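What follows is one structure encoded as structure tokens, with my remarks underneath.
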Amino acid sequence: MGRYILKRLGISLFVVLMVSIITFALVKILPGDPAVLALGTEATDEELEEFHAKYNLDKPVVEQYFLWMKGAMHGDLGDSIKFSRPVTVCIAERLPRTISIGLPALIIASVLGIVFGVISAVFRGGVVDNFITFLSTIGLGAPQFWLGILAVTVFGLRLDMLPLSGYVAPSEDFGQYVYHAILPVSILAFGLLASVARQSRSNMLEVINQDYIRTARANGLSESRVIFRHALKNALIPVITTIGLQVRVIFGGSLMIEQVFNIAGIGSLITIAIQGRDYMVIEGCVLMISVFVVIINLIIDLLYGFVDPRIRKSWR
Amino acid sequence: MENKEILLDVKNLRTSFFTESGEVKSVNDVSFHVNRQEVVAVVGESGSGKSVTQLSVLQLIQSPPGRILGGEIWFRGENLLTYDRKKMRTIRGNGISMIFQEPMTSLNPVYTVGSQLTEVLRVHHKGMSRQEAWRRGVEALKAVGIPDPEARMKNYPFEMSGGMRQRVLIAIAVACSSELIIADEPTTALDVTTQAQVMELLMSLVQENGTSLIVVTHNLGLVTRYADRIYVMYAGRIVESGTTEMIMKNPRHPYTLGLMESVPKLDTEKGEQLIPIEGAPPNLANMPSYCSFYPRCKFACEECKNRPHPELRSTGEEGHYISCHLDVRGGKVNG
Amino acid sequence: MKKIVAILTAIGLLASTGSMITPVLAEEAAPVKGGTVNIPITGDPTTLQGWMLRNSNENVLATAIYETLLRYDENGIPQPYLCESFEGDPEALTYTIKLKEGITFQDGTPFDADAVVWNLDYYKENGCLSGSYFGEYEKSEAIDESTVVVHLSSWNALFNYGLARSCYMCSPTAVEELGADGFNEAPIGTGAFKVTKWEHGEGIYTEKYADYWQGEPNLDGVNFMIYSAVATQQAALEKGDLDIINLSGDAVTAEALEAEGYTLTNAAIPATAYTFCFNTQADTPLADVRVRQAICYAIDADKIVSALLRDGKFGTASNQWAIEGTSMYNDEVQGYGYDVETAKKLLEEANYDSDFVLKINYQVGDFMGQLAQICASQLEAIGIKVELNAIEVANYVNYFGEWEGILFHQMGLQNGQFSQISANMITGINFGSKTFSHRQDTLDLIAEANASGEETLTKDLKEVVRILFDETVDLYTVAITYTTAVTGPSLHSDYGVVQANRATWHEMWKDAE
């Protein structure tokens with residue numbers, strides 16, 4: 001297993017590197033000069049040149065990349081062109097907000113999604129199953145954005161139960177944090193929940209029809225044992241992947257949610273950076289997200305191994 | 001020496017599946033019994049209802065769409081059909097055990113063989129400790145002829161061959177000392193050598209432990225070698241029953257006859273044609289009131305079509321019953 | 001979310017002249033002391049350093065915190081504000097500034113001649129528009145406590161515009177103590193409200209400066225909260241989280257809110273002129289002035305204004321970059337009205353190649369898009385094939401030097417027509433360098449205007465306007481919009497729209513809750 005981990009780490013590093021290079025190239029290809037965007041159209045050529053020099057924009061693209069890479073290895077991600085502050089500060093400010101919305105959403109969506117999916121499968125065709133399927137379809141089909149505005153209008157304006165927008169850090173005032181976070185977390189979780197539930201349901205249905213389930217029943221095991229010990233473990237293995245794919249939401253944030261609920265998170269940071277051709281911020285954020293995603297995926301793959309012995313064998 | 005004590009007595013069992021096309025009468029008034037230390041074969045083609053009958057005994061029918069509609073299943077002096085779910089569970093795997101056709105997929109891939117074995121043991125023996133269950137598990141593995149059983153307990157199913165897995169499944173039955181093992185096509189998915197090994201194992205259990213065995217199969221060869229008695233099923237009914245010798249020597253039902261002729265035997269000459277039974281299995285959702293074998297019967301006549309489905313009647317030989325209006329012997333109709 | 005970012009925000013000021021919509025009642029009851037007002041901005045300002053402020057986002061807050069030496073009046077002419085008088089001497093190449101007495105910075109330090117000298121010098125070195133407005137600045141000296149003399153290397157008649165638009169006065173003590181970066185987080189100006197906290201991503205909180213020179217402010221504080229989308233701003237307004245929102249060209253939302261009882265106020269100074277900038281130089285049918293005239297005749301600007309801008313409620317038509325009745329407006333400009341027959345005739349005369357595809361380039365935006373489509377269909381009605389090219393914000397500036405066909409540009413009019421003409425219609429800059437006619441007489445007039453006194457300047461630039469819009473037809477104004485402030489009834493202020501420069505913050509007050 002040690003060798004497996006090492007191998008994976010190596011590949012992960014490579015992936016992160018490639019992502020950073022491709023992102024850099026893509027953004028540089030986009031037309032648009034951040035100097036003009038930052039300084040305005042009346043800036044003189046001199047001022048523009050000064051700006052370019054300050055942010056190394058006058059150097060060849062490849063050199064710019066290496067300068068950035070060198071800095072990154074020392075923990076210096078450069079300065080934001082738009083905000084004139086270090087990229088690390090910009091990210092550090094916004095990351096906690098994104099995480100404190102994304103993490104609860106993912107956890108809630110995963111747990112509830114699995115529960116609903118299993119219930120749906122076990123009571124297939126019943127009222128509960130139909131209801132859950134109906135909700136899932138909405139969750140998968142309805143644009144998050146629309147749901148968000150709907151929720152805000154209903155709960156925020158009409159019923160006046162919840163705040164329209166805004167964010168309070170949990171460390172500051174936990175009560176207020178929950179009060180403000182209920183809507184964004186719910187809307188974000190809704191879509192995730194739908195796909196986890198769908199997947200859990202179909203996996204569960206498949207598993208319940210397997211021969212080893214028949215064997216378990218034939219050997220006199222109770223239905224709850226059959227479902228929770230024998231079926232569940234098998235059914236959930238693919239669901240782990242689904243959840244793993246959504247992990248990026250924790251770190252990358254959901255732009256839609258941030259827009260509707262006015263949360264200054266990583267999602268809007270990246271968007272503003274792209275619009276302003278703020279290369280350093282874009283690279284910094286992408287690097288951060290890709291590192292996290294790669295690590296999480298590694299953990300998930302290891303998790304797979306713990307859960308499924310067939311996978312464990314293939315590591316040797 | 002036969003033990004004539006009846007272990008399992010099934011009377012007038014009826015099980016149907018309610019589908020969009022209508023009611024499929026998979027088990028249509030079936031009665032049979034199994035004595036202690038006896039090997040009984042249930043033979044028939046796919047769709048004859050042989051598997052559904054056995055599943056009904058253990059009440060493992062998927063409901064919906066299936067349902068046991070009536071009959072009696074006597075085991076240990078009680079009618080299993082009156083049992084509630086909890087009580088039925090005490091029988092499954094622990095009085096009557098069933099093993100299935102596909103050993104490759106019949107064990108849970110993410111748990112070790114040992115944990116699956118001990119689980120069944122501890123479910124049926126409340127309060128049994130883990131160590132005790134482990135010990136019994138090792139013993140069971142040994143009893144089914146698996147070498148190095150301690151190591152095998154820690155293996156996962158995917159680390160074992162098909163034959164080994166089938167043994168494990170049998171071991172579960174042995175571990176709980178089941179009185180009756182129902183084996184549904186136990187060797188179909190295995191290669192010929194392994195087939196023989198598994199059958200020998202089952203036979204040794206019958207002889208040494210006194211276990212009874214029901215073998216459901218379409219493989220006549222198996223039947224002739226190992227079974228004491230045979231039931232032939234067609235379209236949800238028993239069409240012929242009797243001792244192996246009686247049926248092999250003197251098959252009286254046209255279907256049984258057809259089965260014999262369609263199977264290659266060692267003394268079949270090269271180039272000699274196999275004679276298949278013409279026609280296709282009937283649509284169980286749409287059965288006529290007359291004999292269900294009529295469309296495919298070589299000997300059928302107008303009479304057969306006008307009369308209702310024939311009841312099981314004695315052929316004259318003791319213990320040999322058929323359900324046919326005609327008197328077919330030696331390949332010819334008499335009278 | 002279509003209406004993200006752009007134009008809006010900013011706090012402006014309502015002036016009574018030229019406004020089209022009922023001003024907010026200010027004189028009814030006696031002002032209530034206390035309370036906080038929440039105003040939206042679309043994103044974090046790039047900076048809060050007085051010498052660096054320039055973007056529209058920053059303009060909103062700028063005047064609450066900072067003040068400039070001069071201020072634009074309702075006609076867009078800079079008037080002395082923090083100073084008593086501002087006299088220029090073209091011969092001696094000096095400006096003499098006499099400061100008002102008794103003004104202090106928010107940290108208590110005095111706003112005196114030394115402070116002003118420090119600011120001017122600092123701006124020359126570090127200011128964002130130093131190149132544009134301080135090009136001729138050499139040095140300044142404090143003659144006495146309240147008099148400053150500025151020395152120029154050559155005459156700049158528009159220096160007062162620079163000091164009205166930019167160069168916000170900062171406390172030298174604070175800048176020296178905190179350093180430029182520290183000052184950014186805790187800026188000190190002379191304005192009515194002092195920054196207490198800048199929560200990046202959330203907003204900027206301020207509290208009143210009790211010793212404000214025009215009197216203690218009524219409100220306890222003003223908060224500038226970040227709301228990136230108009231829809232969320234609107235919802236917040238309805239819930240009471242915000243007290244004001246700003247719209248531009250969005251008649252639908254404005255009227256919906258008006259129907260709910262909100263008050264709409266327009267700024268006196270128009271915000272944006274949606275202008276056809278023609279590429280007169282490339283070898284296309286557009287090079288023929290008759291074709292350009294035909295295009296102008298084909299546009300029914302009045303109809304557009306009446307349909308999209310509710311008959312002048314949110315904007316108006318004009319034949320130049322100023323509104324009729326204002327001081328910079330040139331009455332002699334005839335313009336091109338709506339005349340389809342003449343348009344067709346001109347095209348015929350010019351042997352217009354009907355296969356030519358006229359490209360109209362514009363920056364993406366809801367209102368902008370609607371305008372472009374209407375214009376396109378009006379042009380197609382006289383037989384001109386049109387191709388619309390919507391451009392992303394970040395890419396838009398790349399079109400400035402040279403574009404195909406028409407650049408349908410949103411020309412900001414906060415600083416007035418004259419400023420825009422002299423800044424944009426000259427050679428040596430990027431904008432239009434390869435597309436405008438740059439006829440010599442216009443260039444000469446502009447150069448003369450820059451070097452002259454106010455009278456000559458006005459005369460010359462008016463003439464340039466006439467030439468550019470009537471004769472060379474480099475430009476054609478389709479519509480001019482105002483920015484509209486939407487306020488709730490509990491807010492009382494001489495507050496208006498986006499225009500940066502005339503908010504009377506200290507007078508603003510709010511009904512008690």
Side-chain angles (χ1 to χ4, degrees), chain A residues 1 114 118 120-130 200 203-241 301-316, chain B residues 51 54-55 57-62 64-65 85-113 115-117 119-125 154-159 165-166 168-169 171-173 175-176 178 181-182 184 189:
Chain A
M1 181 165 112
I114 292 174
V118 168
S120 248
V122 170
F123 297 107
R124 179 195 194 164
V127 175
V128 179
D129 179 19
N130 286 331
S200 301
N203 288 342
M204 198 61 181
L205 282 177
E206 219 184 279
V207 164
I208 287 183
N209 287 325
Q210 291 297 309
D211 290 337
Y212 52 85
I213 298 295
R214 182 180 56 179
T215 307
R217 288 197 180 117
N219 283 329
L221 300 187
S222 68
E223 196 61 15
S224 60
R225 202 168 241 278
V226 168
I227 299 291
F228 292 115
R229 212 176 106 83
H230 285 264
L232 202 61
K233 202 170 173 194
N234 281 283
L236 290 190
I237 294 175
V239 174
I240 295 179
T241 317
D301 281 346
L302 289 178
L303 208 69
Y304 253 121
F306 284 127
V307 169
D308 190 343
R310 296 166 285 191
I311 307 254
R312 231 179 295 157
K313 180 168 184 200
S314 71
W315 289 349
R316 284 174 208 136
Chain B
S51 297
Q54 307 311 320
L55 288 171
V57 168
L58 276 182
Q59 294 183 48
L60 285 175
I61 302 292
Q62 276 253 35
R85 288 222 297 265
K86 198 166 162 200
K87 215 161 170 207
M88 199 57 214
R89 288 206 291 266
T90 62
I91 298 291
R92 293 193 197 119
N94 192 26
I96 304 176
S97 283
M98 190 159 171
I99 63 175
F100 300 93
Q101 176 175 340
E102 309 88 346
M104 293 303 277
T105 49
S106 289
L107 286 169
N108 194 327
V110 299
Y111 291 113
T112 58
V113 159
S115 84
Q116 294 184 57
L117 250 176
E119 180 184 28
V120 176
L121 274 167
R122 295 181 75 209
V123 157
H124 286 297
H125 298 93
K154 300 198 195 117
N155 278 143
Y156 285 93
F158 70 87
E159 293 172 299
R165 292 188 217 190
Q166 193 65 296
V168 168
L169 289 160
I172 296 180
C176 293
S178 286
I181 295 181
I182 304 177
D184 192 346

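Just so it is clear: chains get the letters A, B, ... in the order the sequence lines come, proteins before strands, and each one is counted from 1. Predicted model, so just to flag it, every value in this text is computed and none were measured.
Salt-bridge annotation for A/Arg214 and B/Glu102: present, with a side-chain N of the basic residue lying under 4.0 Å from a carboxylate O of the acidic one.
Chosen from B/Thr90, B/Leu107, B/Leu58, the residue pairing most often with chain A at heavy-atom distances under 4.5 Å is B/Leu107. Listed options B/His124, B/Gln101, B/Met98 were ranked by heavy-atom pairs under 4.5 angstrom with chain A; first place goes to B/His124. Ranked by heavy-atom pairs under 4.5 Å with chain A, the list B/Ser106, B/Ser178, B/Gly93, B/Cys176 is led by B/Ser106. Of the residues considered (B/Ile91, B/Val123, B/Asn108, B/Ile96), B/Asn108 shows the highest number of contacts with chain A, using heavy-atom pairs under 4.5 Å.
Between the OG atom in A/Ser200 and the CG atom in A/Leu232 there is a gap of 8.5 Å [rounded to 0.5 Å]. Atom OH of residue A/Tyr212 and atom CZ of residue B/Phe100 lie 15.0 Å apart, to the nearest 0.5 angstrom.
Neither the backbone nor the side chain of A/Val207 comes within contact range of chain B; no heavy atoms are under 4.5 Å apart. For B/Gln59, no part sits under 4.5 Å from any heavy atom of chain A, backbone or side chain. Proximity to chain B is absent for every atom of A/Ile213, based on heavy atoms less than 4.5 angstrom apart. Contacts of B/Leu169 with chain A are made by side-chain atoms alone, with heavy-atom separations under 4.5 Å and no backbone atom involved. Contact of A/Arg229 with chain B is made through backbone and side chain together, with heavy-atom distances under 4.5 Å.
Heavy-atom contacts from other residues, nucleotides or ligands closer than 6.0 Å to CZ of B/Phe158 number more than 12.
Looking only at atom types and distance, the side chain of A/His230 has a donor-acceptor partner in the side chain of B/Glu119 under 3.5 Å away. Counted by atom type alone, B/Asp184 and B/Ser51 present one or more donor-acceptor pairs between their side chains at under 3.5 Å.
No side-chain heavy atom of A/Ile237 sits under 4.5 Å from any side-chain heavy atom of A/Lys233.
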